[in-house]
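Comments concern the structure below.
Just so you know, ligand 1 is whichever comes first in the structure, and atom 1 is the first atom listed for that ligand. Note that these values count all heavy atoms, side chains included, but never hydrogens, waters or copies made by symmetry. Given the structure is predicted, the values throughout are model-derived calculations rather than measurements.
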Amino acid sequence: MTKGAIVCIDDEKSVLLCLRDQLSRILESGYTIELAESGEEALSLFAELNEEGIEVHLLICDQIMPGMSGVDVLMEIQQQYPHTLKILLTGLANFNDVIKALNYANLYRYIHKPWDEVDLGLTIREALRSYDQSKQLAAQNRQLQQMNLDLQREIADRRCAETRLAHDALHDALTQLPNRVLLTERIQQAIQASHQDPTYQFAVLFIDLDRFKVVNDGLGHLVGDKLLKAIAQRLQHCLRANDLIARFGGDEFSILLDNIQNQAEALQVAQRLLTALESPFHLGEHTLFASASIGIAVGSSDHENAADLLRDADLAMYSAKGRGRGCYALFSQELHLQSVKLLQIESDLHRALERQEFILYYQPIVSLETSTLIGFEALVRWQHATRGFIAPGDFIPIAEETGFIIPLGMWVLQKACLQLRAWNLAFPQQTALTMSVNLASKQLQDPRFIEQLDRVLAETGLDGSVLKLELTESMLLDNIESVLQTLASIKSRNIQLSIDDFGTGYSSLSYLPRFPINTLKIDRSFVDRMTVDAENLEIVRAIATLAHSIGIDVVAEGIETVQQLELLQTLHCEFGQGYLFSKPLDPHIAEQYIGKARKLNVSRKEMFNL
Ligand code: C2E
Ligand code: MG
Ligand code: MG
């Protein structure tokens, strides 16, 4: 393979031949020597060689020629083939030509005619070495440039990845809003600022969407996600540039209101956010409505860390939810104390069973037609070691939330069944007394419930037919298929089922015939108002009519006056329960009640005076 070419140009053939002779002696093998008699010929020679991929390392060119002069040729070659080294052969040492060639054609050397062969040899050798070196240098240079480019690209890629990672670590993937980490950091900075400048004020808002689960469950997560994004955008539009809104996951958002004038400003923003959510969201084929509950905690220099403020705002949010949906609440010390109390109750609850602090009270249920006692409802009470008596309304919801209702509910069931069995043995009568026991949703959903129910019946020797389990409307509609199965198992043990507080839950009555219900218990609130407003009377009438039409009987709860009783009788309510007959009684007094009721063979009037 050829290393490359040397091109000689001279209009005198003899010079060319002489050059070729000498060059072939001087050159290492591998070079081709090309001859041209004019500049024009040389240019086409260059083009041919170039086409064949042969590089011309060196050009030796005569200065004075017809046609293109040597300097012109060199300049042209410099233009087209800048790497070729150029030597000018001059007869007369024309200084101007040499300078021109140096300036415009990057002339390497010039050689006088006639030349000394040794001089020529040294010059050519040196020129070729220099050509090789500059070629190598150029290659290295290119390599370096490439490496540099690669490096820069890699640095840019890494920077990009780092920025993305840093962004991802601080933002929520769905809404692209900042996440909890970033917000917490910013709240911490705000706390610091308020320590330094007591006039600086800020607030933290905690937002929880109301009933968002319904959208997710009903329309699927895709629609749920779209709604979340749309809500995030709307909320963000209500804020100023220096406020920060973050998504806390699920349907929770939190906002830092930076540098506010006063507490009222935070409340105004909360109201603005609620108003912004009022208009419907149009998501493709769906038109959805959203509302939220907002808790507000105003920051102060007393605060030390962001977590405390978020906790306070969260607590206030729960309080807002408790007030009904779509409203806001401000954190207060009172709220804090309340939550501490709840926590205390929660931890005490677990010990209360072992310490035997629970007691069952029994409220008589009577037949409104014959005024006879037909049974009791078991109602649990907590005799707390230090707090004294605690009403079920104050601990049942906590027990339900924590799951403690499962062991507690079993205890109630066991105790009530045992008690009824004892009373039915002690007071044999034509129709045995019944015992109504309240069930919580978690109990009904507990897969071990039926097994435990069987164990209680077996251990207490009670016949299932005298036991009535009270459920609420919402329990029936949560997870319908599995509830239907559990209810069927309960019914197959001859146990009766009542719906408690009827009318306060889902007011759709159409679902009722699907469930194997024996009794509706009309909620106390209707009975309470039926004598004062006609609407409530009509509701009670409608419930009674509906129940009777599908073969279900009715218990009116909370009967306190004779007037109520008489109205209920005209509506053919079968049974009643309330202070008019008796408050819930401790077991001892309940037993006396049964005794007296039996002995007197009660008339209604006598019954009230027991
Ligand atoms: P509930 O099942 O609707 O029980 C009736 C409640 O109304 C009882 O309140 C009873 O004392 C009260 N009451 C009865 N008659 C009258 C009346 O004429 N006037 C007024 N003002 N009130 C009357 P209590 O015992 O405080 O129970 C409240 C709720 O706690 C119960 O409502 C029930 O939902 C729940 N609960 C009670 N014991 C248990 C239990 O063992 N397990 C479960 N899961 N819940 C229970
Ligand atoms: Mg009840
Ligand atoms: Mg009730």
Metal site angle (apex the Mg ion (ligand 2)), OE1 from Glu470 and OE2 from Glu377, 10 degrees: 100°
Heteroatom test (N, O or S) for Asn438 near the Mg ion (ligand 2), limit 2.8 Å: yes
Proximal atoms of ligand 1 relative to Asp501 (non-hydrogen, under 4.0 Å): 3 (O)
Donor-acceptor side-chain pairing of His384 and Gln344 below 3.5 angstrom: no
All ring pair (Phe, Tyr, Trp, His ring centres under 6.0 Å) counterparts of His350, not counting sequence neighbours: Phe404
Sub-4.0 Å heavy-atom approach of Glu557 to ligand 1: yes
Stepwise ring pair (Phe, Tyr, Trp, His ring centres under 6.0 Å) test for Phe248 and Phe206: CA-CA 9 Å; Phe248 266 33; Phe206 201 98; 5.7 Å; yes
Atom indices of ligand 1, in the order listed, that fall short of 4.0 Å to a heavy atom of Pro392: 24 (P), 25 (O), 26 (O), 27 (O), 28 (C), 30 (O), 37 (C)
Check: Tyr362 ring centroid to Trp423 ring centroid under 6.0 Å: yes
Close N or O approach (Val380, ligand 1; < 3.5 Å): yes
Numbered atoms and elements of ligand 1 in range of Pro584, under 4.0 angstrom, heavy atoms: 11 (O)
Check: Gln363/Gln577 side-chain N/O donor and acceptor closer than 3.5 Å: yes
Thr370 versus Ser367, side-chain donor and acceptor atoms under 3.5 Å: yes
Atoms in ligand 1 flagged as close to Gly558, the criterion being non-hydrogen separation under 4.0 Å: 15 (N), 16 (C), 17 (C), 18 (O)
For the Mg ion (ligand 2): the N/O/S atom of Asp500 at shortest distance: OD2
Sub-4.0 Å atoms of ligand 1 with respect to non-hydrogen atoms of Gly578: 15 (N), 18 (O)
Non-hydrogen atom of Glu400 closer than 4.0 Å to ligand 1: no
For atom 22 (N) of ligand 1, the option (of Gln363, Gln564, Arg524) bearing the nearest heavy atom: Arg524
Which residues share a side chain to side chain donor-acceptor pair (under 3.5 Å) with Asn179, sequence neighbours left out: none
